[in-house]
Amino acid sequence: MKKIIFTLLVLLPLLTMAQSKIIIDKVDSDGTRTIATKCTLMRNGFTDKCPLKFGLVAFVFADGKHTTDLCLELDRLSPLAIPKDGVLLIKLDNDEILELHQALPTLETKDIVGTYVKAAGMTTYTTHAMYPLTDAQLQLIHSKLITKIRLETETKTFDQVYKPKRQQKLYQILSAQCEEVSKRLAEKKDIRSGF
């Protein structure tokens, strides 16, 4: 029993690092490169009413310009949409507030089909949103702790206040994702690479 507990304690930090996994690193024929991390679930406890999944997507265009988006996913028991230009407020540990605006068309954020979970006997719906980040905002997310998030949806606003232990975990997740995306961006790649 002690060996199992010890093994779990050793593996937990490794699991956090594994969560920064790159799921897309693709170059299109027009020269646009897309790099995306897996969205990682960040719960704020067992009774969390708004568990969010966080991920990053970077786009590098043929002219060398690039953008990075913060991706959020929210699982609910009913379909939910986030309006285009809907606001996401992120409060950092230095009391600075970042204001981000949702980039996808409203209908693209809403899951109307859902996923049936047989074990629970219910259907869950995943809402997707993408928030473009400036380089300065990306640097702040990479270097500061997030203490609170306010997410605007079509029907209501969700507030998520993170406990200190969860702030640290969210920081580790986003930092690992930022580092992984930066590493991939440093590698030059085009459609002919490795052919």
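As the structure is a prediction and not an experimental result, all values here were calculated from the model. Both backbone and side-chain heavy atoms feed into the values below; hydrogens, waters and symmetry mates do not. Throughout, numbering of the chain's residues begins at 1 and tracks the sequence.
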Is there a salt bridge (charged side-chain N to carboxylate O under 4.0 Å, His left out) between Asp25 and Arg33 once you walk through the steps? CA-CA 7 Å; Asp25 188 352; Arg33 183 176 179 192; 2.9 Å; yes

Step by step, would you call Leu133 with Ile141 a side chain to side chain contact (heavy atoms under 4.5 Å, CB included)? CA-CA 10 Å; Leu133 296 166; Ile141 287 175; 3.8 Å; yes

Could you walk me through whether Ile35 and Ile24 pass the side chain to side chain contact (heavy atoms under 4.5 Å, CB included) test, one step at a time? CA-CA 5 Å; Ile35 302 169; Ile24 298 172; over 6 Å; no

Begin with the C-alpha distance, continue with both residues' side-chain angles, and end with the deciding distance and a verdict on salt bridge (charged side-chain N to carboxylate O under 4.0 Å, His left out) for Arg150 and Asp159. CA-CA 4 Å; Arg150 176 168 288 164; Asp159 279 350; 2.6 Å; yes

Test side chain to side chain contact (heavy atoms under 4.5 Å, CB included) on Lys144 and Asn94 and set out the steps. CA-CA 8 Å; Lys144 301 287 183 193; Asn94 63 353; 3.7 Å; yes

Should Thr123 and Val117 be marked as a side chain to side chain contact (heavy atoms under 4.5 Å, CB included) after you check the CA-CA gap, both sets of side-chain angles, and the distance that decides it? CA-CA 6 Å; Thr123 302; Val117 182; over 6 Å; no

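Residues Pro164 and Gln168 fail the side-chain proximity criterion, which asks for heavy atoms closer than 4.5 Å. Taking 4.5 Å as the limit, every side-chain heavy atom of Tyr116 sits out of range of all side-chain heavy atoms of Met122. Within the 4.5 Å cutoff, no side-chain heavy atoms of Leu107 are placed close to those of Thr109. Contact annotation: the side chain of His142 approaches that of Glu179 to within less than 4.5 Å [non-hydrogen atoms, C-beta and beyond]. Counting only heavy atoms from C-beta outward, the side chains of Pro51 and Leu41 approach each other to under 4.5 Å.
In terms of modelled atom types and a separation under 3.5 Å, the side chain of Glu180 and the main chain of Gln177 share no donor-acceptor contact. Using modelled atom types, no side-chain atom of Thr127 and backbone atom of Ala81 make a donor-acceptor pair closer than 3.5 Å. A distance-only check finds no donor-acceptor pair linking the side chain of Gln167 to the backbone of Leu145 [under 3.5 Å]. With Thr37 contributing its side chain and Ile22 its backbone, the two residues share no donor-acceptor pair below 3.5 Å. When atom types are taken as modelled, the side chain of Ser175 and the backbone of Gln172 share no donor-acceptor pair closer than 3.5 angstrom. In this structure, Gln102 contributes its side chain and Gly86 its backbone to no donor-acceptor pair below 3.5 Å. For Asn44 (side chain) and Val161 (main-chain N/O), a donor-acceptor pair under 3.5 Å exists by modelled atom type. Of the possible polar contacts, none joining the Asp28 side chain to the Asp30 backbone as a donor-acceptor pair under 3.5 Å is found.
Considering every non-hydrogen atom in both Tyr125 and Asp111, the closest pair reads CD2-O, 3.2 Å. Of all heavy-atom pairs between Thr106 and Pro83, the closest is OG1-CA, 3.4 Å. Contact detail for Lys110 and Pro79: the closest heavy-atom pair is CE-CB, 3.6 Å.
Taking hydrophobic clusters as Ile, Leu, Val, Met, Phe, Trp and Tyr residues chained together by side-chain heavy-atom distances below 4.5 Å, Ile149 shares a cluster with Leu80. Follow the hydrophobic side-chain contacts under 4.5 Å out from Val57 and you never reach Met42; the two are in separate clusters.
Tested against Ile146 for a side-chain contact (heavy atoms from CB on, under 4.5 Å), the candidates Leu92, Leu140, Asp93 yield a single pass: Leu92. Evaluated for a side-chain contact (heavy atoms from CB on, under 4.5 Å) with Leu151, the options Val87, Leu52, Leu89 yield exactly one hit, Leu52. Between Val60 and the choices Leu185, Val27, Thr34, the side-chain contact (heavy atoms from CB on, under 4.5 Å) rule is met once, by Leu185.
Annotation: the span from Met130 atom CE to His101 atom NE2 amounts to 16.0 Å, rounded to 0.5 Å. Separation of atoms SG (Cys71) and CG (Leu56) is listed at 7.0 Å; rounding is to 0.5 Å. Residue Gln137 holds its CD atom at 9.5 Å from CD of Glu99, rounded to the nearest 0.5 Å. To the nearest 0.5 angstrom, Leu74 atom CG is 10.0 Å from Gln160 atom CD. Annotation: the span from Ile82 atom CD1 to Phe158 atom CZ amounts to 8.5 Å, rounded to 0.5 Å. Between the CG atom in Leu70 and the CG atom in Leu174 there is a gap of 6.5 Å [rounded to 0.5 Å].
Here side-chain hydrogen bond (donor to acceptor under 3.5 Å, both in side chains) pairs that include residues 60-85, with residues two or more places apart or in two chains, are Lys53-Asp75, Glu73-His128, Asp75-Thr126.
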